[in-house]
Amino acid sequence: MPRLFRYLYRVPLLLVHALIGLPLVLVLLSPVFGRFSIYGERVDQWAAGFWSRILVRIFGLRMRRFGTPLPGAVLFVANHISWIDICVLHSQRWMAFVAKAEIESWPLIGTVVSRAGTIYHHRGSNDSLHGVMHQMLERLQTGFAVGVFPEGRTHSGHAIGVFHARIFQPAVIAGTPAQPIAIKYGDKGDAQVLMAFGPKENFFSNLWRVLGEPARPCEVHFLEPVAAHEDGRRKMADLCRQRIVDVMAG
């Protein structure tokens with residue numbers, strides 16, 4: 001199917017999702033709806049997941065989930081390829097993400113993830129990092145899930161970077177487990193590089209290119225959790241990374 005044809009039907013769908021779906025989901029993300037449940041899930045959290053499921057579908061991703069996400073307080077840690085990773089994960093399980101501050105200004109994505117409780121970090125600021133760690137600990141101690149990308153940034157898709165151990169410290173203090181998540185784009189992960197930011201690509205140019213790509217599977221693997229180790233955060237980081245690497249190699 002030619003790229004132009006995909007744009008002809010996906011662009012209108014994206015506009016409808018933005019102009020009609022976004023205002024509706026923002027209403028449901030208001031605190032008042034957090035008191036109610038739908039399908040056994042808080043309405044505000046369900047709304048974020050429902051909106052994300054439609055969005056990734058518009059972008060041609062056909063979701064496949066393996067394993068089961070832990071309930072309650074848990075630190076979810078995933079490999080990081082693209083801006084759409086957040087929507088992919090939200091489509092499977094609500095979590096408050098730790099993300100770079102720039103995402104707050106992104107259209108569509110920034111608005112939804114901000115209202116969904118994203119914790120923003122200003123890179124290079126120790127004060128910001130301290131605040132992020134405090135908010136993560138507070139969320140975990142009150143029973144909420146937090147999602148992080150321990151590589152600290154997106155990668156080209158060729159390999160998985162080193163996991164920064166410091167981001168695991170709130171889980172160690174709170175005594176909550178970390179559950180690694182492997183995100184694989186395409187058949188057996190053959191579209192990792194394609195989904196990643198290309199040379200000199202920004203958010204808008206990557207969004208436009210990916211919007212015209214053929215439909216493809218996207219696998220989300222919820223792997224064996226790692227307990228809050230008495231050996232410390234470095235042990236947790238290395239175990240989580242290794243479990244993701246093993247799945248990506250399979």
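The figures that follow rest on heavy atoms only: side chains count, while hydrogens, waters and symmetry mates do not.
- A donor-acceptor contact shorter than 3.5 Å is absent between the side chain of Glu138 and the backbone of Gln135.
- With Glu213 contributing its side chain and Met195 its backbone, the two residues share no donor-acceptor pair below 3.5 Å.
- Remark: Asp187 engages no residue in a side chain to side chain donor-acceptor pair (under 3.5 Å) (not counting sequence neighbours).
- When all heavy atoms of Met95 and Ile181 are compared, the closest pair comes out as CE-CD1, 4.4 Å.
- In this structure, a donor-acceptor pair under 3.5 Å is present between the side chains of Gln242 and Asp246.
- Residues Phe66 and Leu89 are members of separate hydrophobic clusters, defined by side-chain heavy-atom contacts under 4.5 angstrom among Ile, Leu, Val, Met, Phe, Trp and Tyr.
- Note on ring orientation: taking the six-membered ring where Trp is involved, the planes of Trp94 and Phe144 are perpendicular (angle over 60°, cut-offs 30° and 60°).
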Task: Stepwise salt bridge (Lys or Arg N to Asp or Glu O under 4.0 Å) check, Arg42 with Asp44 - done: CA-CA 6 Å; Arg42 281 176 36 163; Asp44 54 348; 2.6 Å; yes
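- At a cut-off of 3.5 Å, with distance as the only test, no side-chain donor of Ser82 or Asp85 sits close to an acceptor on the other residue.
- If you take CG on Leu239 and CZ on Arg234, they are separated by 10.5 Å, rounding to the nearest 0.5 Å.
- When every heavy atom of Ala182 is checked against every heavy atom of Met248, the shortest pair comes out as CB-SD, 4.1 Å.
- Using cut-offs of 30° and 60° on the angle between ring planes, the pair Trp208 and Tyr7 is parallel.
- Contact annotation: the side chain of Ser156 never approaches that of Phe197 to less than 4.5 Å [non-hydrogen atoms, C-beta and beyond].
- Formation of a donor-acceptor pair under 3.5 Å by the Lys184 side chain with backbone atoms of Pro217 is not found in this model.
- Rounding to the nearest 0.5 Å gives a distance of 15.5 Å between CZ of Arg57 and SG of Cys87.
- Annotation for Pro170 and Met133: closest pair CD-CE, 3.6 Å, computed over non-hydrogen atoms.
- Follow the hydrophobic side-chain contacts under 4.5 Å out from Leu26 and you never reach Val16; the two are in separate clusters.
- Between His90 and Trp51, the gap from one ring centroid to the other reaches at least 6.0 Å.
- Remark: the backbone N or O of Ala48 is not paired with any side-chain donor or acceptor of Arg53 at under 3.5 angstrom.
- Criterion: ILVMFWY side-chain heavy atoms under 4.5 Å apart, direct or through other members. Under it, Leu13 and Leu8 are not part of a common hydrophobic cluster.
- Of all heavy-atom pairs spanning Leu75 and Ile167, the tightest one is CD2-O, 4.0 Å.
- From Ser37, atom OG reaches atom CD of Gln45 across 9.0 Å, with rounding to the nearest 0.5 Å.
- Nearest heavy-atom pair across Ala215 and Arg62 is CB-NH2, 4.0 Å.
- Rounded to the nearest 0.5 angstrom, Leu28 CG and Ile38 CD1 are separated by 8.5 Å.
- Arg6 contributes no side-chain N or O that, together with a main-chain N or O of Leu211, makes up a donor-acceptor pair within less than 3.5 Å.
- Side chain of Gln179 to main chain of Val77: no donor-acceptor pair is present (N/O by atom type, distance under 3.5 Å, no hydrogens or angles).
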Side-chain polar contacts of residues 219-228 - donor-acceptor pairs under 3.5 angstrom, sequence neighbours left out - could you list them?
unit_1	atom_1	unit_2	atom_2	d
Glu219	OE1	His221	NE2	2.7

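- With Arg233 contributing its side chain and His164 its backbone, the two residues share no donor-acceptor pair below 3.5 Å.
- Note on Leu15 and Leu24: separate hydrophobic clusters, where clusters join Ile, Leu, Val, Met, Phe, Trp and Tyr whose side-chain heavy atoms are under 4.5 Å apart, directly or indirectly.
- When atom types are taken as modelled, the side chain of Arg139 and the backbone of His134 share no donor-acceptor pair closer than 3.5 angstrom.
- Test Phe59, Phe149, Phe204 against Trp83 for ring-ring contact (aromatic ring centres under 6.0 Å, His included) and you get one pass: Phe59.
- Atom CG of Asn79 sits about 11.5 Å away from atom OG1 of Thr154, to the nearest 0.5 Å.
- Remark: Phe50 CZ is loosely packed, at most 12 non-hydrogen atoms of other residues, nucleotides or ligands lying under 6.0 Å away.
- Proximity of a side-chain donor or acceptor of Asn206 to a complementary backbone N or O of Ala196 within less than 3.5 Å is detected.
- Cluster annotation: Val43 is connected to Val25 through the hydrophobic network of ILVMFWY side chains, with a link wherever side-chain heavy atoms come within less than 4.5 Å.
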Open item on the list: side chain to side chain contact (heavy atoms under 4.5 Å, CB included), that's the test. Do Val74 and Thr176 meet it? Break it down for me.
Closed with: CA-CA 6 Å; Val74 55; Thr176 55; 5.9 Å; no
TODO: Decide yes or no on side chain to side chain contact (heavy atoms under 4.5 Å, CB included) for Glu41 and Arg93, but give the supporting numbers first.
DONE: CA-CA 10 Å; Glu41 187 176 11; Arg93 165 69 152 90; over 6 Å; no
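- Taking both residues in full, the closest heavy atoms of Val88 and Ile183 are given as CG1-CG2, 4.3 Å, listed atom of the first, atom of the second, then distance.
- Looking only at distances, no side-chain donor or acceptor of Arg241 sits under 3.5 Å from a matching main-chain atom of Phe163.
- Looking at Glu151 and Val162, their side chains never come closer than 4.5 Å, going by heavy atoms from C-beta outward.
- Atom CG in Leu61 sits 6.5 Å away from atom CE in Met63 (nearest 0.5 Å).
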